[in-house]
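For reference, the structure discussed in these notes is given below.
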Amino acid sequence: MRRAYAWFLVPALALYSFVVLLPSVQGATFAFTDWDGLNPTRHFIGLANFRQMLEDPAARGALRQTLVIAAAVTVVQNAVGLLLALGVHSRIKSRNVLRVLLFAPAVMTPVVTAALWKYMLAPEGALNGLIAAVGPDSWQQNWLGDPTLALCSVAGVVVWQFAGYSMVIFLAGLQGIPQEVYEAAAVDGASGWQRFRHVVLPLLAPATTINLMLSVIGGLKLFDQVWVMTQGGPGTATETLSTLIYKNAFQLDEYAYSVALAIVLTVFVAVISGGQYRLLHRGGEAAR
């Protein structure tokens, strides 16, 4: 019977292999050549592109900034999402309206969101105008033009857009906790913090795993917001592996080198997300 069911998968697997797997494998072979993306001829150069990556300060800087922004987005987005979920999980009358409003940014196109925030964070933008109205002029900043603030500003926009998405996943986890569990903990004399620490957090392990996986993967391959808001600038302050791949492929005509960078990014995403899943899954099993 199982073998009969397996035959129904053959058309989908064949199409997936033809559309995704075969082009991906064929494209990965370009990383071992010197192809510029335009010249019909190319030569096999082995691991030269990967050795160049180790010696390229731009690649090392992009890798460092990719890891920093992925870590920052993961931590802050999930912390904010959990706080929002706890807030709208309460019995306040406006909780349904708040859920819609807080989730709304997540359904907006990242390019549109980034374009709006780019103008809001400009030196003469809305944020500095608001600061000028309520505080001293010294608080106004060049949010996207200052190398020390640009990466934090981009990360803040990503958190603003997707914290509501994390909130919805946490909220689903909270709604799946039986009310009897809270009541039993209260009867045992547990304080509010103790109930949250020893009851809610362990039971939220599946939602936490999903949120952390999504935010880590999204942070590692972040491109749209960075490209629209800063294009990797000022200088290389917000350069990520995704933007560096784009520049090498379509601006510098170093297509083979960009493929090598893309392979490294793919390996990073697979290793980090896979290790994170195993760690969180093991922790969730231990909590249960």
Worksheet item: Between Ala62 and Thr66, what is the shortest heavy-atom contact and its length?
Response: O-OG1, 2.7 Å

Would you list the atom pairs, donor with acceptor, under 3.5 Å between side chains in residues 220-236 and any protein atom, with sequence neighbours excluded?
residue: Thr230; atom: OG1; partner: Val226; partner atom: O; Å: 3.1
residue: Thr230; atom: OG1; partner: Gly232; partner atom: N; Å: 3.2
residue: Thr230; atom: OG1; partner: Thr238; partner atom: OG1; Å: 2.6

Fill in: Main-chain N/O of Ile92 paired to Arg95 side chain as donor or acceptor, under 3.5 Å
yes

Discussion item. Any non-hydrogen side-chain atom of Ile245 less than 4.5 Å from a side-chain atom of Ser258?
Written reply: yes

Worksheet item: Same hydrophobic cluster for Leu252 and Leu38, using side-chain heavy-atom links shorter than 4.5 Å among ILVMFWY?
Response: no

Practice prompt. Applying side-chain contact (heavy atoms from CB on, under 4.5 Å), name anything that partners Thr148, two or more places apart in sequence or on another chain.
Written response: Asp146

Fill in: ring pair (Phe, Tyr, Trp, His ring centres under 6.0 Å) pairs, two or more places apart, involving residues 186-219
Trp193-Phe196

Side chains of residues 102-124: which donor-acceptor partners sit under 3.5 Å, not counting sequence neighbours?
residue: Thr113; atom: OG1; partner: Thr109; partner atom: O; Å: 3.2
residue: Thr113; atom: OG1; partner: Gln161; partner atom: NE2; Å: 3.3

Worksheet item: So, Ser94 side chain and Val97 main chain: donor-acceptor pair closer than 3.5 Å or not?
Response: no

Item to complete: Tell me whether Leu47 is reachable from Leu63 by hopping between hydrophobic residues (I, L, V, M, F, W, Y) whose side-chain heavy atoms are closer than 4.5 Å.
Response: yes

Worksheet item: Is a side-chain N or O of Asn49 found less than 3.5 angstrom from the main chain of Thr33, in a donor-acceptor match?
Response: yes

Fill in: Least distance between heavy atoms, Ser273 atom then Ala270 atom
OG-O, 3.4 Å

Listing, residues 201-217 side-chain donor-acceptor contacts under 3.5 Å, not counting sequence neighbours, or none:
residue: Thr208; atom: OG1; partner: Leu204; partner atom: O; Å: 2.9
residue: Thr209; atom: OG1; partner: Ala205; partner atom: O; Å: 2.9
residue: Asn211; atom: ND2; partner: Ser166; partner atom: O; Å: 3.2
residue: Ser215; atom: OG; partner: Asn78; partner atom: ND2; Å: 3.0
residue: Ser215; atom: OG; partner: Asn211; partner atom: O; Å: 2.8
residue: Ser215; atom: OG; partner: Leu212; partner atom: O; Å: 3.2

Worksheet entry | Non-neighbouring partners of Glu254 that pass side chain to side chain donor-acceptor pair (under 3.5 Å), sequence neighbours left out | none

Worksheet item: So, for Ala70 and Gly219, which heavy atoms are closest and what is the spacing to 0.1 Å?
Response: CB-C, 3.7 Å

Item to complete: Using the test side chain to side chain donor-acceptor pair (under 3.5 Å), find all partners of Thr41 that sit at least two apart in sequence or belong to another chain.
Response: Asn39

Worksheet item: What distance do Leu261 atom CG and Lys247 atom NZ have between them, rounded to the nearest 0.5 Å?
Response: 12.5 Å

Fill in: CG on Leu265 to CZ on Phe268, rounded to 0.5 Å
9.0 Å

Side-chain donor/acceptor pairs under 3.5 Å, residues 169-182, sequence neighbours excluded:
none

Item to complete: Report whether Val269 and Val68 are members of the same hydrophobic cluster (ILVMFWY, side-chain heavy atoms less than 4.5 Å apart, transitive linking).
Response: no

Discussion item. Would you compute the distance between atom CG of Asn248 and atom OH of Tyr257 and round it to the nearest 0.5 angstrom?
Written reply: 6.0 Å

Worksheet entry | Closest non-hydrogen atom pair, Ala28 against Ile263 | O-CD1, 3.8 Å

Discussion item. What's the separation between atom CG in Leu86 and atom OG in Ser90, rounded to the nearest 0.5 Å?
Written reply: 9.0 Å

Discussion item. Tell me every residue that passes side chain to side chain donor-acceptor pair (under 3.5 Å) with Ser138, counting only those two or more places apart in sequence or in another chain.
Written reply: none

Discussion item. Once side chain to side chain donor-acceptor pair (under 3.5 Å) is applied, do any residues pair with Gln141, and if so which ones, sequence neighbours excluded?
Written reply: none

Fill in: ring pair (Phe, Tyr, Trp, His ring centres under 6.0 Å) contacts in which one or both residues fall within residues 32-79, not counting sequence neighbours
Phe30-Trp35, Phe32-Phe50, Trp35-Tyr255

Discussion item. Quick check: is Tyr16 connected to Val19 through a chain of hydrophobic side chains (ILVMFWY, heavy atoms under 4.5 Å apart)?
Written reply: yes

Worksheet item: How long is the gap from CG on Asp56 to CG on Leu244, to the nearest 0.5 Å?
Response: 6.5 Å

Worksheet item: How many angstroms lie between atom CG of Leu21 and atom CG of Leu15, to the nearest 0.5 angstrom?
Response: 10.5 Å

Item to complete: Hey, could you give me each pair passing ring pair (Phe, Tyr, Trp, His ring centres under 6.0 Å) that has a residue in residues 72-102? Not counting sequence neighbours.
Response: none

Discussion item. Quick check: closest heavy atoms across Gln77 and Val158, and the distance to 0.1 Å?
Written reply: OE1-O, 4.3 Å

Worksheet item: Leu84, Val76: one ILVMFWY side-chain cluster at the under-4.5 Å cut-off?
Response: yes

